Novice: 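Sharing a structure with you now.
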Amino acid sequence: MSKKLSNIDNDISAWYTDVVTKAGLADYGPVKGTMVIKPYGFQLWDNVKDVFDKMIKDTGHTNAYFPLLIPKSFLAKEAEHVDGFAKECAVVTHTRLKSENDEIIVDPDSRLEEEVIIRPTSETVIWSMYKKWIQSHRDLPILINQWANVVRWEMRTRLFLRTTEFLWQEGHTAHKTKEEAEKETLDILELYKKLAEEYLAIPVYTGLKTDAEKFAGADKTYCIEAMMLDKKALQAGTSHNLGQNFAKAFDVKFQTEDNNEEYVWATSWGISTRLIGAVILAHGDKNGLRIPPKIAPIQIVLIPIFRDEKQRKIVEDYIDPITKELKQNEIRTFIDWSDSSPGYKFNEWELKGVPARIEIGPRDVESNTVIIARRDNGEKLSSPRHDLTQSVKDILDQIQNNLYNEAKDFRDNNTHSVNTYGEFKDIIKNGGFVRCGWDGKQETELKIKEDTKATIRCIPFNENPNNLTCIFSGNKAMHEVIFAKSY
RNA sequence: CGGAGCGUGGCGUAGUCCGGUAGCGCACUGCAAUGGGGUUGCAGGGGUCGCAGGUUCAAAUCCUGUCGCUCCGACCA
């Protein structure tokens, strides 16, 4: 397989597919729209998962698991919810196959009386269970999360960014009061922001979705929105205040302290393997991936360099304690003894986005140093053997910060406040985020979308609509919003 | 579902117009040298050309059908 990547500047779409497959993150599955997450890609996901799993456990949530299969009738209980998901549900109609004339066919005698769907999300099963579990205010809150796969039969798919089946976490909480549910929704959004910015090194805008863009079945959807290298927006996480919609649909009431009956207040929130796509498209460059150190499966790759057996032995004696030392200090380290040439290895590990590389050859053994090469900016420096661990830690921190700062500068430089629709269209055409006034009408939002393909990514928390007029209608603005073309 | 394109060793492709029994690059195996930015040389192994029919002495190539995938749109995390 050729390791040459498509040009990131001319054809980022081809570059993306090349990187994902050639760096060994994922491969296409046999069924359209499915993907195999390969070990290197899965380690990346695992690291993201571990970070977030700890965050939610630290805030009182626990994991559980609900079934993949859901009665078809459940989906229909919440009107908006069914509208939102009906078009993309995989439906199980039969329970067995049989052979007939050397062919495997669906056994027509095995038709299910009540068809089941494969979860596109789990609100319905979960609320059917919460009905059984909640009677009193003493049963609240329930703070459950599950790590699971879901299936949404999408028209167009792309590895990680939109696949028919994907992995995610979905939190589902139940509360006594509206205020408590709202707080939960916002608290989780903060965790998402922290995860994106501090770990994935991706700056995000936080805000509220418009009615047109919110989750089907939610009262309010909050989101984190990131900018990719092609200046398009990617929704990287969502947190929903579901109000009492699902409680009403599934008749989940609780007895209050003063002995009244009230519907339970709900939230749900999710991040998915799409985040891997976000990391790729936020940090990549012409040589491949650049993975932030905090989530990198391999943080340091060691490349031994030698000519003959004698040199190999010398290098080995020098490098082994170094590897051991780094590992003992919990730096994820890999030493590449494969017999490709050093140059080949440099390119290979750069493609895979390993944050830093240590080159060790006879010259370094001689001078009691090592060469450290950074993936983020290509710098190479010679570092003394003693306090190597500290140098490595410092460099990894610098890389983490640098990736974040680069991404933030890029986003800030491509986010513009505008006052005229002409400017608006120019920016959308050339790529970028636009901050501007909006009159709050869905009709306006829709017209702009038809005209420019841009959608309102969010109403940012730090909006200031006071002196603004709507970019499209010229009426007084109800909100300041961020428009962009999105994935 | 509309538009476009593609199915030929593991991957990427040439050959298809004009039928004559499959070629190249990468990867793979072995040996030797090489090794601080994709290293050479030599020697090897692997494909009945998506599938099913048809035309023909002869089909990767022509005809009919069929399946699948990718890209672009409408839908979406």
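A note on names: the letters A, B, ... follow the listed sequences, proteins ahead of strands, and every chain is numbered from 1. Predicted model only: the values in this text are computed from it and were never measured.
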Novice: Would you say that more than 12 heavy atoms from the other residues, nucleotides or ligands in this model lie under 6.0 Å from the CG of D339(A), or not?
Specialist: no
Novice: With rounding to whole Å, what would you report as the distance between C6(B) and G12(B) at their C1' atoms?
Specialist: 13 Å
Novice: Can you check whether K453(A) has a side-chain N or O nearer than 4.0 Å to OP1 or OP2 of A74(B)?
Specialist: yes
Novice: Which nucleotide, G37(B), A77(B), G36(B), lies nearest any side-chain atom of E359(A)?
Specialist: G36(B)
Novice: Under 4.0 Å between any heavy atoms, over every strand shown, what does S486(A) touch: base, sugar-phosphate, or nothing? Just pick one.
Specialist: nothing
Novice: Closest heavy-atom contact between G41(A) and I37(A)?
Specialist: C-CG2, 3.7 Å
Novice: C1' atom, U61(B) versus C49(B): distance in rounded Å?
Specialist: 10 Å
Novice: Contact class for E154(A) vs. all strands (heavy atom < 4.0 Å): base, sugar-phosphate, or nothing?
Specialist: base
Novice: In terms of side-chain heavy atoms of F346(A), which of G37(B), G38(B), C71(B) is nearest?
Specialist: G37(B)
Novice: Roughly how many Å apart are G3(B) and G20(B), using the P atom of each and rounding to a whole number?
Specialist: 33 Å
Novice: Does any N or O donor sit under 3.5 Å from an N or O acceptor when you compare the side chain of K380(A) with the base of G37(B)?
Specialist: yes
Novice: Does RNA chain B take part in any stems of at least 3 consecutive Watson-Crick or G-U pairs (both distances under 3.5 Å), and if so, which ones?
Specialist: B:1-7 with B:67-73, B:10-13 with B:23-26, B:28-33 with B:39-44, B:50-54 with B:62-66
Novice: Please list, pair by pair, any protein nitrogen or oxygen found under 3.5 Å from a nitrogen or oxygen in nucleotides 30-35 of chain B.
Specialist:
from	atom 1	to	atom 2	distance (Å)
G35(B)	OP1	R307(A)	NH1	2.8
G35(B)	OP2	R307(A)	NH1	2.9
G35(B)	N7	R307(A)	O	3.0
G35(B)	O6	R307(A)	O	3.2

Novice: Classify the nucleic acid contact of R357(A) as base, sugar-phosphate or nothing, counting any heavy atom under 4.0 Å across all strands shown.
Specialist: base
Novice: For atom P, what is the distance between G50(B) and A59(B), given to the nearest Å?
Specialist: 15 Å
